Amino acid sequence: MSTRNAEIATLFERMAELTELLGGNRFKVNAFEKVARVLRELGPEVDEMSDAELVALEGVGKGAVERIRQYCDHGRIDDHDELAAQVPGGVLEVMHVPGIGPKTARLFWQEAGVESIADLKAKLASGELAELKGFGPKKLANIGKSLAFAESAGDRRHLGTAWTLARRFLDVLEPMPQVRQSAYAGSLRRGRETIGDVDLLVAADAAETAAIFDAFCGHDAVEDVLLRGDTKSSVRTDAGMQVDLRVVDPRSFGAALLYFTGSKEHNVRLRERARERGMTLNEYALAKLQDDGSAGAVVERETEEAIYAALGLAWIPPELREDRGEIALAAKGKLPDLVELEDVRCELHAHTTASDGKLSIRELAERAVARGFHTIAVTDHSRSQVQANGLDADRLRAHVEAVREVAAEMAGEIAILTGTEVDILADGSLDYDDDLLELCDVVVASPHAALAQDPKKATARLLKAIAHPKVKIIGHPTGRLINRREGLHPDVEALAEAAAEHDVALEINANHWRLDLRDVHVRTAVAKGAKLAIDCDVHGAGDFDMLRYGVMTARRGGATKRDVVNCMTRKRLAKWLGLSAP
DNA sequence: GCCGTTTTCGGCCCGACTGTTTTCAGTCG
């Protein structure tokens, strides 16, 4: 995501929220949200695009282009400022509290003078809000709880946190005799980098739901039961995340899985498509649409595949369900054949106790063998990474020798490659001289410091590293840490073009704190024909399990196994690295 | 505000749960 596009997207999001809060046209709200979403996922900067190119984007009309240009020229959008002038700044934050929507936020503000979270807390405590019509003790108590939870939990959680939490619940639910099928859905199934709530789905007979909800609400992880109905329940957990469970009739599992996987925007498209074909889609079934507008005979409901097929579409992998054009591709049978976890056959970015890893060379290699990998590269940190015990020239030479010894001992089991994760210094030069890099089979070059550089410098820095003849992989190219550090904002199109030209792979660092490249960058890389490397950046034994998050991110970007160097055979990989045959 | 196999107006997806309701609005996903 480029900074300029993100800034404008934020303004459109705020226009949507303000319009909603002020009771404006809800379709206008949707339209603003849609523009924001398009901008967030846009590869090129808006100032590099023509008006015609912008208006060709689905969801972007003339009005949006005018506002975008206004921001580019003057750094502000009049409509936004006019809306914002009508509402005190803190009211939007009040609206973000779970359980408070636009109507309630407006009522609190206009009838009770709540203009901030602080006001809300004070007036909850004083009992002033209880005098408002329609607000009994339970509603207010729930708002109080939401406030406390939001403060302790903070933002959306990492993909890895959500996946682990989902597993904890499914490990209890799956073995239950009443449970016919179970799955995680929502943004977790789509592999988004951050997850709001975990959505779980279970198929069971209606008569047997009580036992399932008992097990769910009584799970060790549960701190608070938010709601419990006949078909759905929500809880807050010790992981600081909410988990929702839906129990559906086994015959409707496919329709429900489709529905609860989302995205919301993808679902809207599907339902529109159903309508165009005289059908209606909900979480129970795809059904014929009757004259009175109600759902008639069921067309399909048991599997996602059948429902997509009935809509004239190939099954769409969850990671692509973001309304980014995947439905048109599915209609033409042109969906990419996405890379899968099992396609990944090697790890090319791993650390040992020589720098800041927890495993010895041999332990690292044994773990890689256990995963069925044909190759592992030992890439410890370079000298500038003092806090990570980076290797100076003498230590690197000794370490390379040590790696070669273990490689010889384990030659029958796995190929162990010498390597380094060499720092890309602020000016784009590398942290080791070329003669040292020559010792390495694999050179991963990564930025670790000067991560607040301006985009032009960052781009030049990374381009210089890509052009270096020994570099084969650019590690975590932006250096961002999700929810913690922005990292660099390079021109990813330019990087991808250069990477393709020099036959260098851009890494998708699979660590769930990083996911760097991120999904939209992957999309750009794939479009430009650049190779990708999905690496776990292994520091400890458990890190190999991060691979699934990297693969999900690659899939979200539309990567196939032909795009990913870790999917090569041992022989092809050696050839790509310029090594003599293994 | 956006969009078009019904193109420049008139639509724009669907349902569960809660609280405070005498029949439903608000929120959420």
Side-chain angles (χ1 to χ4, degrees), chain A residues 12 15-16 19-21 23-38 54-68 77 79 83 95-108 130 132-143 145-146 185-190 195-201 209 213 225-234 242-248 252 255-256 258-287 289 293-295 323 331:
Chain A
F12 272 89
M15 284 194 284
T19 304
E20 198 179 18
L21 186 82
N25 182 323
R26 68 192 172 96
F27 298 110
K28 195 166 164 179
V29 174
N30 286 345
F32 283 144
E33 284 173 349
K34 170 86 189 182
V35 173
R37 215 157 44 81
V38 169
L54 283 172
V55 96
L57 298 168
E58 175 154 354
V60 178
K62 272 175 61 183
V65 174
E66 273 174 34
R67 293 178 173 92
I68 290 168
I77 298 176
D79 286 341
L83 285 167
M95 190 171 91
H96 292 154
V97 174
I100 297 184
K103 300 279 167 59
T104 304
R106 183 155 64 138
L107 186 80
F108 281 3
L132 293 171
K133 201 178 166 198
F135 285 85
K138 283 196 176 176
K139 249 187 191 176
L140 294 175
N142 282 339
I143 291 172
K145 276 193 197 172
S146 287
S187 51
L188 173 57
R189 184 164 178 240
R190 302 201 309 280
I195 309 294
D197 302 330
V198 171
D199 294 304
L200 302 178
L201 187 64
T209 58
F213 283 122
V225 176
L226 294 173
L227 61 88
R228 179 174 167 164
D230 293 334
T231 64
K232 73 176 277 189
S233 177
S234 294
Q242 185 175 320
V243 180
D244 299 339
L245 171 69
R246 296 288 291 239
V247 180
V248 300
S252 286
L258 181 61
Y259 182 83
F260 292 112
T261 297
S263 63
K264 193 177 155 203
E265 293 78 13
H266 179 84
N267 287 348
V268 168
R269 292 282 172 223
L270 288 183
R271 291 196 288 263
E272 284 171 357
R273 191 175 175 93
R275 291 236 152 208
E276 289 164 13
R277 285 163 174 70
M279 297 181 279
T280 178
L281 179 63
N282 60 26
E283 63 256 59
Y284 302 109
L286 177 67
L289 190 62
S294 65
D323 189 25

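Letters A, B, ... are given to chains in the order of the sequence lines, protein chains preceding strands, and every chain is numbered from 1. These numbers were taken from a predicted model, which means no experiment stands behind them. Side chains are part of it too, since the values below use all heavy atoms of this structure and drop only hydrogens, waters and symmetry mates.
In this structure, A:Phe135 reaches the sugar-phosphate backbone alone: every heavy-atom distance under 4.0 Å involves primed, P, OP1 or OP2 atoms, never a base. Among the atoms of the strands shown, only primed sugar atoms or phosphate atoms (P, OP1, OP2) are found under 4.0 Å from some heavy atom of A:Thr280. Here A:Leu270 lies out of heavy-atom contact (under 4.0 Å) with every strand. Among the atoms of the strands shown, none is found under 4.0 Å from any heavy atom of A:Arg106. A:Leu107 comes within 4.0 angstrom of nothing in the nucleic acid, heavy atoms only. Note on A:Ala274: nothing from the nucleic acid sits closer than 4.0 angstrom, heavy atoms only. Within 4.0 Å of A:Glu276, counting heavy atoms only, lies no atom of the nucleic acid at all. Using a 4.0 Å heavy-atom cutoff across all strands shown, A:Val60 reaches sugar-phosphate atoms only and no base atom. Among the atoms of the strands shown, none is found under 4.0 Å from any heavy atom of A:Arg26.
Of the candidate nucleotides B:dT27, B:dC2, B:dC14, B:dT27 has the atom lying nearest to any side-chain atom of A:Pro102. Of the candidates B:dA16, B:dG29, B:dG19, B:dG29 carries the atom nearest the A:Asp197 side chain, counting heavy atoms from C-beta on.
If you take atom P in B:dC9 and the same atom in B:dG15, they sit 32 Å apart, rounded to whole Å. With P as the reference atom, B:dG1 and B:dT7 are 23 Å apart, rounded to whole Å. Using C1' as the reference atom, B:dT27 and B:dT21 are 16 Å apart when rounded to the nearest Å. Rounded to whole Å, the separation between the C1' atoms of B:dT6 and B:dC12 comes to 15 Å.
Taking the nucleotide of DNA chain B with the nearest heavy atom to each of A:Asp244 and A:Asn25, the more 5' of the two is matched to A:Asn25. For A:Gly99 and A:Arg275, each mapped to the nucleotide of DNA chain B holding its nearest heavy atom, the one lying further toward the 5' end belongs to A:Arg275.
Atom CZ of A:Phe213 and atom C1' of B:dA16 are 11 Å apart (whole Å). Spacing between atom CG of A:Leu289 and atom P of B:dC14 amounts to 8 Å, rounded to whole angstrom units. When rounded to the nearest whole Å, the span between CD of A:Glu33 and P of B:dC2 equals 14 Å. Separating the CZ atom of A:Arg269 from the P atom of B:dG4 is a distance of 9 Å, rounded to the nearest angstrom.
Under the Watson-Crick or G-U wobble criterion, with both distances below 3.5 Å, B:dT8 is left unpaired in every strand shown.
Contact annotation: A:Thr104 reaches the phosphate of B:dT27 (side-chain N/O to OP1 or OP2, under 4.0 Å). Checking the phosphate oxygens (OP1, OP2) of B:dC17, no side-chain nitrogen or oxygen of A:Lys232 falls inside 4.0 Å. Side-chain nitrogen and oxygen atoms of A:Tyr284 include at least one within less than 4.0 Å of the OP1 or OP2 phosphate oxygen of B:dA16. Listed pair A:Arg228 / B:dT18 fails the phosphate criterion, with no side-chain N or O lying under 4.0 Å from OP1 or OP2. Distances shorter than 4.0 Å separate some side-chain N or O of A:Thr231 from OP1 or OP2 on B:dC17. Taking side-chain N and O atoms only, A:Asn30 has no distance below 4.0 Å to OP1 or OP2 of B:dG1.
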